Amino acid sequence: MRAYLLVARMWLRASLAYRTSFWLTALGNAVTSALDFAIIAIMFLHTPALGGWTLPQVAFLYGTSGMTLGLADLAVGSLDQLGQRVRDGSVDTVLVRPAAALAQLSADRFALRRVGRVFQSTLVLLWAVSRLHLDWTPGRLLVMVLLLVCGSVIFGSVFVAGGAFQFFAADAAEVQNSVTYGGATMLQYPPTIYARELVRGVVYGVPLAFVNWLPAMYVLGVPDTLGLPGWFRFASPLAALLCATAAGLAWRAALRSYRSTGS
Amino acid sequence: MAPVLDDVHPPCPPPPDSPPRDPVPPDPVPRFPALGLYAAVGWGSFRRYATYRAATWSGAFTNTVFGFFIAYTYRALWEIRPHLGGYDLSSALTYVWLGQAMLMPVAAMGGGIQDDLEARISNGDIAVDLYRPVDQQAWWLAGDLGRAGYHLLSRGVLPLLVGGLFFRLRMPAGGPAEEALTWCCFLVSTLLAVTVSFSLRYMASLTGFWLLDARGVRQVTLVLGMFFSGFLLPLTLFPSALGQIAQHLPWAGMVQIPEDVFLQRRTGSALLAGLGLQLGWAAVLLGAGRLVQRAAAAKVVVQGG
């Protein structure tokens with residue numbers, strides 16, 4: 001943890017050296033993620049509901065998806081550039097330092113500008129909650145908090161697993177974008193619009209459905225039309241635990257197989 | 001006493017019949033016909049991108065996954081509102097998959113030459129480039145066209161094939177002549193789309209001469225490009241005034257116009273108007289890029305002098 005903070009602070013100071021660029025990128029990061037919401041808003045100009053969900057409900061999905069991905073991206077998102085370090089052999093430097101490799105590599109090129117997405121998603125989430133007039137029972141509050149924590153852990157695990165994958169396929173970094181950014185895009189829309197096989201894939205395969213779809217059904221009181229077991233709505237911590245364990249194991253296996261570059 | 005050096009190396013006698021000297025000293029680089037040189041640059045760039053097979057496959061995979069996600073959202077919307085924005089369901093789905101196919105070739109999210117150019121500006125290697133007896137803009141344009149060609153063949157085809165397998169897409173229809181014409185016009189329109197996109201990215205990267213770090217500007221241009229190109233949603237779905245304006249901006253030439261050419265929503269005079277708009281913006285933006293380039297080159301101070 002200390003190593004993480006030290007490396008992160010170093011990169012933070014480095015990025016603040018170019019101030020104009022830092023603020024433009026932070027703003028750009030927020031606006032880029034706001035684009036997706038602009039698209040959703042434009043879609044709702046033409047229809048009152050999408051897949052049976054109203055605009056505030058979809059905004060809730062959008063906000064939670066963006067926040068959890070944004071937090072995970074902020075914390076460990078740098079792992080998606082790990083392939084570069086594997087290619088040029090600079091992982092060696094990391095391994096000889098007396099600190100956890102995962103902490104050092106997660107903080108590598110730490111980019112505070114990514115907070116832009118978190119900030120923008122939070123605004124949308126707040127707007128959605130204010131429009132939904134939810135009855136905030138203790139149960140709902142608890143599930144809401146769990147949603148944000150477990151969702152971030154699940155996305156974070158995907159980043160870690162993706163980083164582990166890059167030890168083997170340094171060039172194939174983009175595959176994990178389809179799960180992280182692609183997954184977050186998918187979670188912005190209600191599960192009812194997708195094909196049944198796809199939904200099954202993200203419940204039983206890569207359990208992204210536990211990030212926000214299932215807990216949101218409970219928080220928003222939306223009936224489940226997917227025919228999943230009822231307790232799945234509260235199973236996000238279990239899914240997060242499974243993900244984190246799997247990602248941790250994958251990371252260890254990958255690190256052990258690291259062979260550095262040729263000569 | 002004669003200098004020692006002269007003893008060791010007696011001066012060579014002049015060659016028997018030395019050719020008359022050119023008034024202009026010969027070029028240090030072998031003279032390609034200009035077009036041949038840029039073709040070689042483009043081909044080199046094509047091959048360079050073709051080297052990274054794993055990257056290509058993983059990128060095409062990602063485009064395909066995104067294609068699925070977006071196609072489902074479009075399907076949900078068009079099932080409620082058939083013929084929305086002038087597209088029927090299968091046109092709208094084709095719009096999604098073709099958009100994914102064109103994303104990398106036209107670099108709607110930035111990239112391509114930007115990565116190289118920005119790195120070379122910030123680490124100073126650009127000074128070497130400025131020495132080359134070539135036109136900078138044409139050099140980079142050739143490289144970008146080579147890259148786009150490779151991306152069109154590799155990352156364009158797979159998403160379209162998979163999309164066609166799982167959804168009913170609308171391919172150019174009509175007689176064989178009309179189909180051939182549509183495909184040809186689509187390719188021309190895509191070429192112009194890459195050129196428009198290049199000229200915007202080139203200018204964005206050149207701001208690095210002043211800001212040293214062009215990432216911020218790049219992010220801003222990315223946002224504008226994603227939104228106003230029609231990549232995320234057809235521009236006809238935008239609120240009316242905004243949509244009207246957006247259809248005449250340069251970004252429309254990056255995705256919206258090639259898509260409409262492919263979907264045969266632009267035929268006859270509308271087709272010519274669309275291609276003309278692309279051509280016009282390409283000319284204007286390339287011209288503006290040259291001005292920026294001149295100002296930037298005047299600003300360069302190479303270390304040590």
Side-chain angles (χ1 to χ4, degrees), chain A residues 15 17-36 38-53 58 83 111 113 116 165 169-179 181-195 198, chain B residues 51-81 84-85 104 109 122 155 166 207-208 210-228 231-235 237-240 242-243:
Chain A
S15 68
Y18 301 106
R19 255 165 218 283
T20 321
S21 228
F22 173 78
W23 287 110
L24 274 177
T25 43
L27 184 73
N29 195 283
V31 178
T32 314
S33 79
L35 272 190
D36 284 342
I39 296 306
I40 293 176
I42 292 177
M43 282 185 163
F44 273 91
L45 286 180
H46 302 284
T47 174
L50 203 61
W53 294 50
V58 173
R113 62 169 187 275
F165 175 64
D171 280 340
E174 225 183 316
V175 165
Q176 75 182 83
N177 285 358
S178 58
V179 186
Y181 297 101
T185 307
M186 178 189 73
L187 294 178
Q188 290 167 1
Y189 292 89
T192 40
I193 69 166
Y194 296 103
L198 184 70
Chain B
T51 310
Y52 301 102
R53 298 226 184 97
T56 301
W57 279 107
S58 68
F61 174 79
T62 306
N63 286 139
T64 309
V65 171
F66 267 91
F68 271 108
F69 294 155
I70 302 175
Y72 282 119
T73 65
Y74 276 39
R75 197 182 64 177
L77 184 58
W78 261 269
E79 273 176 354
I80 305 170
R81 294 284 311 274
L84 180 63
M104 282 308 285
M109 298 179 74
S122 66
R155 295 185 59 168
F166 286 87
T207 60
W210 289 272
L211 297 174
L212 298 178
D213 183 50
R215 268 179 304 180
V217 176
R218 180 171 172 167
Q219 187 106 30
V220 174
T221 51
L222 180 152
V223 169
L224 291 171
M226 292 287 279
F227 194 68
F228 286 114
F231 170 70
L232 294 169
L233 209 59
L235 298 176
L237 265 65
F238 283 27
S240 59
L242 185 66

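Quantities reported herein were computed from a predicted structural model and do not represent experimental measurements. Proteins get letters first, then strands, A, B, ... in listed order; numbering begins at 1 in each.
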Practice item. List for me each residue that meets ring pair (Phe, Tyr, Trp, His ring centres under 6.0 Å) alongside B:Tyr52, sequence neighbours excluded, and say none if there are none. Key: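 B:Tyr52 satisfies ring pair (Phe, Tyr, Trp, His ring centres under 6.0 Å) with no residue once adjacent residues are dropped.
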Review point. Who are the ring pair (Phe, Tyr, Trp, His ring centres under 6.0 Å) partners of A:Tyr194, not counting sequence neighbours?
Key: A:Trp213, B:Tyr72
For [X], is it the side chain, the backbone, both, or neither that has a heavy atom closer than 4.5 Å to a heavy atom of chain B?
X	result
A:Tyr181	both
A:Ala49	backbone
A:Thr185	side chain
A:Ile39	both

Exercise for review: Kindly compute the distance separating CG (B:Leu222) from CG (A:Asn29), expressed to the nearest 0.5 Å.
Suggested key: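 So the gap between those two atoms works out to 10.5 Å.
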Study note, to complete from the structure: CD1 (A:Ile42) and CZ (B:Phe227) are apart, to the nearest 0.5 Å, by 4.5 Å
Against chain B, work out which of [options] has the most heavy-atom pairs shorter than 4.5 Å and name it.
options	answer
A:Ala195, A:Ala38, A:Pro190	A:Ala195
A:Leu45, A:Val179, A:Thr47	A:Thr47
A:Val175, A:Asp36, A:Ile40	A:Val175

Name the option with the most non-hydrogen atom pairs under 4.5 Å to chain A; the candidates are [options].
options	value
B:Gly85, B:Ala71, B:Ala76	B:Ala76
B:Thr56, B:Leu77, B:Asn63	B:Leu77
B:Ser58, B:Ala60, B:Gly59, B:Ala55	B:Ser58

Which atom names give the shortest non-hydrogen contact between [X] and [Y], and what distance separates them?
X	Y	answer
A:Ile193	B:Arg75	O-NH2, 3.7 Å
A:Gly183	B:Phe69	N-CE1, 4.1 Å
A:Met43	B:Thr73	CE-OG1, 3.9 Å

Point to revise | B:Val220 side chain near A:Leu27 side chain, heavy-atom distance below 4.5 Å | key: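 In short, these two side chains do not touch, never coming nearer than 4.5 Å.
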Check your understanding: Looking at side-chain heavy atoms only, is the closest gap between A:Thr32 and B:Met226 below 4.5 Å?
Key ->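 No, side chains not in contact.
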**Study point:** Atom CH2 of B:Trp210: over 12 foreign heavy atoms under 6.0 Å
**Key:**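 Atom CH2 in B:Trp210 is packed in, count exceeds 12.
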Exercise for review: Give a yes or no on whether A:Tyr18 atom OH has more than 12 heavy-atom contacts from other residues, nucleotides or ligands under 6.0 Å away.
Suggested key: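 No, the 6.0 Å shell around OH holds no more than 12 heavy atoms from other groups.
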Review point. Donor-acceptor pair, B:Thr62 side chain versus A:Glu174 backbone, under 3.5 Å?
Key: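 Yes; judged by distance alone, with no hydrogens or angles, the pair exists.
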Review point. Is there a donor-acceptor contact under 3.5 Å from the side chain of A:His46 to the main chain of B:Leu237?
Key: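 Between the backbone of B:Leu237 and the side chain of A:His46 there is a qualifying donor-acceptor contact (under 3.5 Å).
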Practice item. Tell me, for B:Phe66 versus chain A, whether the close heavy atoms (under 4.5 Å) come from the side chain, the backbone, both or neither. Key: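 Contact with chain A: side chain only.
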